[in-house]
Amino acid sequence: MAKARVTIDVGNDGVAVITISNPPVNALAVPRLKEKFDEAIRRNDIRAIVLTGDNDKFSGGFDINVFQKIHETGDLSLMPDVSVDLVVNTIEDSKKPIVAAAQGLALGGGLELTMECHARIAAPKTQLGLPELTLGVIPGFGGTQRLLSKAIEMMLLSKSITSEEGKKLGLIDAIVPPEELLKVSRQWALEIVERRKPWMRALHRTDKIGSLSEAREIIKQARKQAKQTARNMPQHQASLDVIEEGIVHGGCNGVLKLVLTETAKGLVHFFFAQRLTSKVPNVTDLGLKPRPIKKVAVIGGGLMGSGIATALILSDRYVVLKEINKEYLQKGIKMIEANIRGWVAKGKLTQEKAGAALSFLKGVLDYSEFKDVDMAVIENIPLKQKIFCDIEKACPPHCILATNTSTIDLNKRHTQDRIIGAHFFSPAHVMPLLEIVQSEKTSAQVILDLMTVGKAIKKVPVVVRNCIGFACTLLVNLGVDLYRIDRVITNFGLPIGPFQLQDLAGYGVAVAVGPIYDKAFGGRVYRSPLLQLMMKNGRNGKNNGKGYYIYEKGRKPKPDPSLLPIIEESRGLTNIMPGGKPVSLTNEEILGMILFPVVNEACLVIDEGVVIRAADLDIASVLGMSFPSYRGGIVFWADMVGPKHIYESLKKWSECTCICIFIF
Ligand SMILES: C[C@H](O)CC(=O)SCCNC(=O)CCNC(=O)[C@H](O)C(C)(C)COP(=O)(O)OP(=O)(O)OC[C@H]1O[C@@H](n2cnc3c(N)ncnc32)[C@H](O)[C@@H]1OP(=O)(O)O
């Protein structure tokens, strides 16, 4: 890594400024960090030290590329020369005071480095965080023991705080404007030398948590919570072990012992796959500049349209919401207001920001407001073809025409280069995935513009070619208990099983997309009568409290024993149980029968060039299907399971059941 370097610059005041420089985020695979500290501590002309980062950033933490290399080679000796022994003992126990001057970001090992210093000065809005768990590892520089009880929350939730919040918590000593950061930090360091400011060694502070029993209680609660929320993630419990060890026995015991786990492999892959989505050949490599998208028309104020409008106004875009009559318009606006109120209730938005967001919204019944919009998004509504003709006339020539659907064929319907698919996932203001569906004619500029606006509204845009959506799977007609299927899937790490998901979505969606999937997947689709039977029996999922589960207010969904006759009828009609008897399957086989067909479809999608790269499907599966990120995404997981095993299993099952994909 030739570009990584550490410099030392000694001023007339006797303060040495050590600068970490490793673009783009000053990651900590920097050679000679310890040597520079040793030099500064040894030299007689140096009285104090300031540690900072180049290019307005302190550090994004340990170099994640190194984790990736270790995963590829299995060689742990690739870990560079930045370790607890080198950094902690050198910095924290230094005979000369060391002050961290942080701006931009101080994440992971970067934040931990600042904690080892004897004081911390930060620029406003510096991002402080311990995101290690999102990579399957734990903080490794002993920072957890230094970060008071706040560390537990920051670590387990991988939630960043600003330097302003850090100041309130006592993590930051002073906040100063960026242009004064170095000046104040040098001064501070000298004042420590002159005993005019305290010389604090964070590890030896006693005020970081209350009594030992209080600390143990905090950790106990955190363990309980992590057990529920992060069942398959060993790094959560491991990070708590490390904190406990540090608090109870003192010192620091943070080591990167989890680097080689499957979880870390999946999460590191996910990290890079997510960054790769912003590199689209023939789009992002052409030197184009994104155009500003300030005003957007949303046509259709249903569930999707109102969700999209919410996401846009929350990111300060003017939205013109168009409906066909007053009643529908009112409904749409009410939904948007409810979305915003929901965010306020959850503490994600202040009242003030909610008011500001709503001021960006205007409801309309005609096209007169469309003359200066930069983008028009059409919800999945009837008469789309006619609406396209209307808005082509009403919108200015530069306006992007986007349609939110997975089922419209852009190639067949339109040829203009400014038409594009913007496939949001419901609820659109919450779900992070934005599939950008390009047609053969969509221009690179339009794709880039939509990618940029997608990022601005906090989505992860993934560019795909024109294709029709995925299906879920079902094994019930073969005799498998449907609640067991849901359990297998949730134990694997998806938030809910396929049946509970159907209950939540309502059965209308599944019925509506059935024929579209039939057409798209041809012989690979299996149609079960179960859903129709459910509806015939007055069940419509969570909506009417009766689905595969029983829904009662304030209670967890309960399995419904009265479902059995419906299931029996469905099994009777399909008659696919071998010898009329339920099949006997292990949980692993159930999982495979549900997920391997999805892997199969993923391979076809890659083969047909619908996605640019396999890793994009990993991102889409995690952000759109809620596939667990710690398994790296559907394709990465399949590679771990082994293509041979998947192929042989699919072959065996298709020979005995003729089933590839189940649709219900
Ligand atoms: C011992 C320690 O306790 C262990 C650790 O420190 S583990 C590392 C902990 N740090 C992290 O998890 C930070 C991860 N990074 C991030 O969250 C975000 O990248 C960020 C907030 C720093 C910047 O976000 P953003 O401005 O949106 O830019 P983003 O596109 O994500 O990243 C910019 C580039 O920096 C790279 N990058 C970011 N953090 C990196 C890191 N820690 N190591 C190596 N590369 C990193 C990205 O891969 C990307 O590279 P690319 O341009 O070649 O694709």
Side-chain angles (χ1 to χ4, degrees), residues 1 3-4 20-30 33 53-71 76 78-88 91 102-116 125-147 151 154-155 157-162 235 238-239 242-243 246 252-259 263-264 267-280 284-285 432 451-452 454-456 458-461 613 615 619 629:
M1 190 155 299
K3 61 187 177 170
I20 302 168
S21 177
N22 187 12
V25 297
N26 300 329
L28 295 175
V30 280
L33 186 58
D54 211 1
N55 258 328
D56 305 332
K57 292 180 185 88
F58 187 77
S59 170
F62 197 82
D63 188 343
I64 303 168
N65 291 292
V66 175
F67 290 151
Q68 199 179 39
K69 277 193 204 111
I70 293 172
H71 292 160
L76 265 173
L78 289 171
M79 289 295 248
D81 157 8
V82 180
S83 69
V84 169
D85 180 41
L86 298 176
V87 180
V88 178
I91 299 180
Q103 73 168 314
L105 42 88
L107 299 175
L111 178 61
E112 293 185 87
L113 260 188
T114 70
M115 298 315 298
E116 275 122 29
K125 302 271 170 255
T126 301
Q127 192 187 346
L128 313 173
L130 290 171
E132 282 92 340
L133 266 56
T134 61
L135 298 166
V137 295
I138 55 173
F141 293 162
T144 48
Q145 293 91 342
R146 289 167 175 77
L147 271 174
M154 283 170 74
M155 237 174 25
L157 301 178
S158 294
K159 211 171 109 187
S160 294
I161 59 171
T162 59
Q235 73 272 27
S239 64
V242 169
I243 298 183
C252 48
N253 187 28
V255 281
L256 296 168
K257 55 186 167 192
L258 291 158
V259 176
T263 311
L267 288 168
V268 167
H269 167 79
F270 181 69
F271 174 84
F272 285 113
Q274 194 159 346
R275 264 97 205 141
L276 264 184
T277 57
S278 56
K279 297 181 177 70
V280 180
T284 53
D285 50 5
M451 285 173 70
T452 311
K455 275 193 190 156
K458 302 188 177 62
K459 307 283 166 210
V460 178
R613 52 180 89 82
I619 297 300
S629 59

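Both ligands and their constituent atoms are indexed starting at 1 by order of listing.
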Ligand 1 contact by Lys279, heavy-atom criterion under 4.0 angstrom: yes
Element-labelled atoms of ligand 1 that are located less than 4.0 Å from some non-hydrogen atom of Phe271: 14 (C), 15 (N), 38 (C), 39 (N), 48 (O)
Closest heavy-atom pair and its distance - Leu111, Thr114: O-OG1, 2.6 Å
Stepwise side-chain contact (heavy atoms from CB on, under 4.5 Å) check, Phe271 with Ile64: CA-CA 9 Å; Phe271 174 84; Ile64 303 168; 3.6 Å; yes
Backbone or side-chain N or O of Gly108 under 3.5 Å from ligand 1 N or O: no
Arg613 CZ to Ile619 CD1 distance, which is reported to the nearest 0.5 Å: 10.0 Å
Sidechain-backbone polar pair: Asn22 side chain, Ala27 backbone, donor-acceptor under 3.5 Å: yes
Shortest reach to atom 3 (O) of ligand 1 by a heavy atom, considering only Lys57, Gln127, Gln68, Glu132: Glu132
Part of Asp63 with heavy atoms under 4.0 Å of ligand 1, whether side chain, backbone, both or neither: both
Proximity of Leu135 to ligand 1 by residue part, where a heavy atom lies under 4.0 Å: side chain
N/O donor-acceptor pair under 3.5 Å between Asn55 side chain and Lys57 backbone: no
Qualifying residue, where the test is side chain to side chain contact (heavy atoms under 4.5 Å, CB included) with Phe58 and the options are Leu105, Leu107, Leu113, Asn26: Leu113
Minimum non-hydrogen distance to atom 10 (N) of ligand 1, winning option of Gly61, Ala106, Gly129, Gly60: Gly60
N or O pair under 3.5 Å between Thr134 and ligand 1: no
Atoms in ligand 1 with a heavy atom of Pro131 nearer than 4.0 Å: 10 (N), 11 (C), 12 (O)
side-chain hydrogen bond (donor to acceptor under 3.5 Å, both in side chains) involving Asp54 - partner list, sequence neighbours excluded: Ser21
Those atoms of ligand 1 less than 4.0 Å from some heavy atom in Glu112: 2 (C), 3 (O)
Part of Leu105 with heavy atoms under 4.0 Å of ligand 1, whether side chain, backbone, both or neither: side chain
N or O contact, Phe62 vs ligand 1, cut-off under 3.5 Å: yes
Partners meeting salt bridge (charged side-chain N to carboxylate O under 4.0 Å, His left out) with Arg275 (sequence neighbours left out): none
Options Pro24, Gly110, Pro23, ranked by nearest heavy atom to atom 34 (C) of ligand 1, top entry: Pro24
Backbone or side-chain N or O of Arg275 under 3.5 Å from ligand 1 N or O: yes
Heavy-atom closest contact (Ala273 atom, Ala615 atom, distance): CB-CB, 3.7 Å
Atoms of ligand 1 close to Asn65 [distance to a heavy atom under 4.0 angstrom, numbered from 1]: 44 (C), 45 (N)
Minimal non-hydrogen separation, Leu28 against Gly110, with atom names: CD1-N, 3.7 Å
